[in-house]
**Student:** 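Have a look at this one before I ask anything.
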Amino acid sequence: MTVISVALLAVVTVVSAMLLTSRPASDAQARPAPTFTLTDTDGQVVSLEQFRGSNVLLYFNEGAGCQSCLVQMAEIEKDEDLFADLDLTVLPIVMNTRDQITRDMQLNGVRTPFLLDDGTVSDAYNTLGKGMHAGLPGHSFVLIDRNGQQRWYGEYPSMWLSPTDLLIQVQEHLPA
């Protein structure tokens with residue numbers, strides 16, 4: 001085999017491995033959502049319990065330095081009326097400092113405050129190591145209904161889910 005053939009085979013192997021490991025995963029088993037209290041980028045204390053009676057979508061992501069993560073949130077904000085029609089609040093959660101994530105939020109025009117996690121909440125929702133970095137949450141969504149029940153978990157290692165497809169998942173998994 002020539003050096004070019006070996007290099008080409010190596011590239012094909014790496015790309016194939018990436019495609020196989022970047023498949024979305026989903027779980028629709030209903031269970032009580034772990035409660036939490038976190039501070040957001042605006043300095044407000046936010047508790048899951050304060051949203052009881054409303055639907056909540058947690059958006060776990062790698063945060064600062066992950067352009068796809070910030071673009072995802074910016075695109076969700078563009079469709080905020082559609083999410084509001086479902087009585088749905090989107091809460092993005094990152095394991096960054098306030099300064100780290102607010103800089104990227106400003107660069108991407110993201111207005112929604114991010115919740116700042118030390119890893120405890122990401123671990124409770126089993127999102128750590130599901131993305132590109134073992135110690136960070138992956139690109140994952142968790143739907144919690146009005147009664148505090150987790151209704152759906154969607155993991156997207158490709159780092160993207162269109163807001164339209166996200167809304168379809170939410171509508172499909174919210175109780176009637």
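The analysis underlying the following values was restricted to heavy atoms, covering all of them including side chains, and did not include hydrogens, waters or symmetry mates. On a predicted model such as this, the values are computed, not experimentally measured, just so you know.
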**Student:** Heavy-atom distance under 4.5 Å between the side chains of L57 and T89, does that happen here?
**Tutor:**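 No, every pair of side-chain atoms sits at 4.5 Å or beyond.
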**Student:** Excluding sequence neighbours, so at least two apart, what forms side-chain hydrogen bond (donor to acceptor under 3.5 Å, both in side chains) with D145?
**Tutor:**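 R151.
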**Student:** Check whether E77 reaches the backbone of T112 with its side chain - one donor and one acceptor, N or O, closer than 3.5 Å.
**Tutor:**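 Flag set: sc E77 to bb T112 pair under 3.5 Å.
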**Student:** State, to 0.1 Å, how close P137 and L128 come at their nearest heavy-atom pair, and which atoms those are.
**Tutor:**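 In terms of heavy atoms, the two residues are closest at N-CD2, 3.7 Å.
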**Student:** According to a 4.5 Å side-chain heavy-atom criterion applied to Ile, Leu, Val, Met, Phe, Trp and Tyr, with indirect links allowed, do M95 and M73 form part of one hydrophobic cluster?
**Tutor:**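 No: no chain of side-chain contacts under 4.5 Å links M95 to M73.
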**Student:** Please list, chain by chain and in numerical order, all residues satisfying ring pair (Phe, Tyr, Trp, His ring centres under 6.0 Å) with F114, sequence neighbours excluded.
**Tutor:**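 None.
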**Student:** Considering the options E155, Q72, E62, which one meets the side-chain hydrogen bond (donor to acceptor under 3.5 Å, both in side chains) requirement together with H139?
**Tutor:**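 Of the listed residues E155, Q72, E62, the side-chain hydrogen bond (donor to acceptor under 3.5 Å, both in side chains) partner of H139 is Q72.
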**Student:** Would a distance-only check, ignoring hydrogens and angles, find a side-chain to backbone donor-acceptor pair under 3.5 Å from N108 to V71?
**Tutor:**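 Answer holds: no.
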**Student:** Between N96 and Q100 (side chain of the first, backbone of the second, donor and acceptor by atom type, cut-off under 3.5 Å), is there such a pair?
**Tutor:**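 The answer is no, because no donor-acceptor pair under 3.5 Å joins these two groups.
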**Student:** With N147, which residues qualify under side-chain hydrogen bond (donor to acceptor under 3.5 Å, both in side chains), at least two apart?
**Tutor:**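 In terms of side-chain hydrogen bond (donor to acceptor under 3.5 Å, both in side chains), with neighbours along the sequence ignored, N147 is linked to no residue.
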**Student:** Give the cluster check for I93 versus F51: same hydrophobic cluster or not, with ILVMFWY residues linked at side-chain heavy-atom distances below 4.5 Å.
**Tutor:**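 Linked, I93 and F51 end up in one cluster.
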**Student:** Side chains of L38 and V46: does their closest heavy-atom pair fall under 4.5 Å?
**Tutor:**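 Contact flag for L38/V46 side chains = no.
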**Student:** What heavy-atom pair brings H173 and A28 nearest, and what distance separates the two atoms?
**Tutor:**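 Closest heavy-atom pair between H173 and A28: CD2-CB, 3.5 Å.
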**Student:** Hey, are T120 and D118 close enough side-chain-wise for a donor-acceptor pair under 3.5 Å?
**Tutor:**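 Yes, a side-chain donor-acceptor pair sits under 3.5 Å.
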**Student:** Do any N or O atoms from the side chain of N61 and from the backbone of C69 form a donor-acceptor pair under 3.5 angstrom?
**Tutor:**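 No, N61 side chain to C69 backbone: no donor-acceptor pair under 3.5 Å.
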**Student:** Should F36 and L58 count as side-chain neighbours, where that means a heavy-atom distance under 4.5 Å?
**Tutor:**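 A side-chain contact exists here, since the closest heavy-atom pair is under 4.5 Å.
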**Student:** Would you indicate whether the side-chain heavy atoms of L88 and L82 approach each other to under 4.5 Å?
**Tutor:**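 Counting from C-beta outward, L82 and L88 never come under 4.5 Å.
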